[in-house]
2 protein chains.
Amino acid sequence: MIETTAAATDADPVQACPIAPVVDLVFSRWTTPILWTLNEYGRQRFVELQRRIGVITPKVLTQRLRQLERDGLITREYFAEVPPRVEYDISPLGRSLAPLFHSLAEWSPNLAKVEAARIHFDTTQPPNRRP
Amino acid sequence: MIETTAAATDADPVQACPIAPVVDLVFSRWTTPILWTLNEYGRQRFVELQRRIGVITPKVLTQRLRQLERDGLITREYFAEVPPRVEYDISPLGRSLAPLFHSLAEWSPNLAKVEAARIHFDTTQPPNRRP
DNA sequence: CCGTATCCGGTTCGATACTG
DNA sequence: CAGTATCGAACCGGATACGG
């Protein structure tokens with residue numbers, strides 16, 4: 001590596017957490033719903049995505065779709081019709097994330113424990129300082 | 001379900017992406033490095049975490065630690081010594097995320113493909129509009 | 001050592017309006 | 001239909017300083 005000091009080595013975020021790059025890639029804002037929807041419902045066009053995701057504005061949806069296309073996780077196909085039609089789909093690389101989504105879905109029942117932990121924390125730990 | 005209109009059903013973000021709550025919980029900013037470090041290096045104190053993670057400020061680290069403690073993913077133990085000592089550790093619930101982290105680590109070799117896709121995109125797709 | 005308090009700058013998001 | 005342009009606002013997150 002270029003950095004020579006031990007401090008720099010310790011301070012390297014990737015060193016501290018090797019999975020951080022993957023997280024940034026896959027779990028950035030809006031990327032999860034987009035990939036999930038494409039993986040679950042298959043190839044679809046812009047407005048379908050927008051309606052299924054629910055609240056996202058066209059601007060932000062476009063931004064995220066471009067990003068995911070650039071990263072090779074989704075594909076975009078343009079049809080020069082009137083009215084114009086664009087179809088998005090998940091790519092093979094994007095589909096390779098499916099097991100990951102499956103793991104996440106499998107863990108989701110534990111959310112009940114999280115909710116219980118929050119209630120416990122809020123009822124036992126006062127908002128002010130704690131020893 | 002309680003919602004009766006189809007529009008509301010379609011617009012429900014959780015409906016659109018059931019794993020979104022888990023993602024928000026586990027992959028919020030800084031939570032991944034914190035959980036990873038605790039899971040990898042075991043019980044440690046505040047400054048150790050701070051040095052391993054690298055660049056995080058005490059304020060933000062405290063915020064995220066509190067959040068994770070409240071969610072039941074980590075534990076905090078205070079020792080009334082001089083100087084005071086605090087030790088954090090991953091909880092059983094937090095440790096149940098380990099397979100997830102493992103899946104992420106397994107996927108990380110694909111980052112090379114992402115990098116290649118970006119280069120391809122940047123060299124073939126002009127910055128201006130595309131059909 | 002382990003935080004908390006305050007200020008402040010930058011990203012990012014949403015709302016809105018408009019084009020091909 | 002599928003975006004793009006512009007604007008304003010909110011939300012972190014970092015720097016700094018201080019307290020138990």
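In what follows, every chain begins at residue 1, and chains take the letters A, B, ... in the order their sequences are listed.
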Roughly how many Å is it from [atom1] in [X] to [atom2] in [N], rounded to a whole number?
{"X": "A/Tyr88", "N": "D/dC1", "atom1": "OH", "atom2": "P", "result": "14 Å"}
{"X": "A/Leu61", "N": "D/dT4", "atom1": "CG", "atom2": "P", "result": "11 Å"}
{"X": "B/Gln125", "N": "D/dG3", "atom1": "CD", "atom2": "C1'", "result": "16 Å"}
{"X": "B/Phe79", "N": "C/dC2", "atom1": "CZ", "atom2": "P", "result": "11 Å"}
{"X": "A/Leu49", "N": "D/dA2", "atom1": "CG", "atom2": "C1'", "result": "12 Å"}
{"X": "B/Gln67", "N": "C/dG3", "atom1": "CD", "atom2": "P", "result": "16 Å"}
{"X": "A/Leu65", "N": "D/dC1", "atom1": "CG", "atom2": "P", "result": "16 Å"}
{"X": "B/Arg51", "N": "C/dG3", "atom1": "CZ", "atom2": "P", "result": "15 Å"}

Kindly list each side-chain donor-acceptor pair under 3.5 angstrom involving residues 17-24 of chain A, sequence neighbours excluded, with atom names and distances?
none

N/O donor-acceptor pair under 3.5 Å between [X] side chain and [Y] backbone:
{"X": "B/Ser91", "Y": "B/Gly72", "result": "yes"}
{"X": "B/Gln125", "Y": "B/Thr123", "result": "no"}
{"X": "A/Glu48", "Y": "A/Arg45", "result": "yes"}

Qualifying residues under ring-ring contact (aromatic ring centres under 6.0 Å, His included), relative to B/Phe46, sequence neighbours excluded: none
Summary of side-chain hydrogen bond (donor to acceptor under 3.5 Å, both in side chains) pairs that have at least one residue in residues 92-106 of chain A, sequence neighbours excluded: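 The answer is A/Asn39-A/Arg95, A/Ser96-B/Trp107.
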Donor on one side chain, acceptor on other, B/Arg66 and B/Gln63, under 3.5 Å: no
A/Thr62: side chain to side chain donor-acceptor pair (under 3.5 Å) partners, not counting sequence neighbours: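 With neighbours one apart ignored, the set is empty.
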Five-pair end axes of the helix from C/dC1-D/dG20 to C/dG20-D/dC1 and the angle they enclose, rounded to 10°: 50°
Selected nucleotide, minimal atom distance to A/Pro83 side chain, candidates D/dA2, D/dT4, D/dC1: D/dC1
Using atom names, set out every protein N or O paired with an N or O of nucleotides 12-16 of chain D below 3.5 Å, distance rounded to 0.1 Å.
from, atom 1, to, atom 2, distance (Å)
D/dG13, OP1, B/Arg29, NE, 3.4
D/dG13, OP2, B/Arg64, NH1, 2.7
D/dG14, N7, B/Lys59, NZ, 3.4
D/dG14, O6, B/Lys59, NZ, 2.2

N-O pairing of A/Arg43 and A/Glu77 below 4.0 Å: yes
Below 4.0 Å: OP1/OP2 of C/dC2 and any side-chain N or O of B/Arg76: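 No.
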OP1 or OP2 of D/dC1 under 4.0 Å from side-chain N/O of A/Arg45: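 No, no such contact exists.
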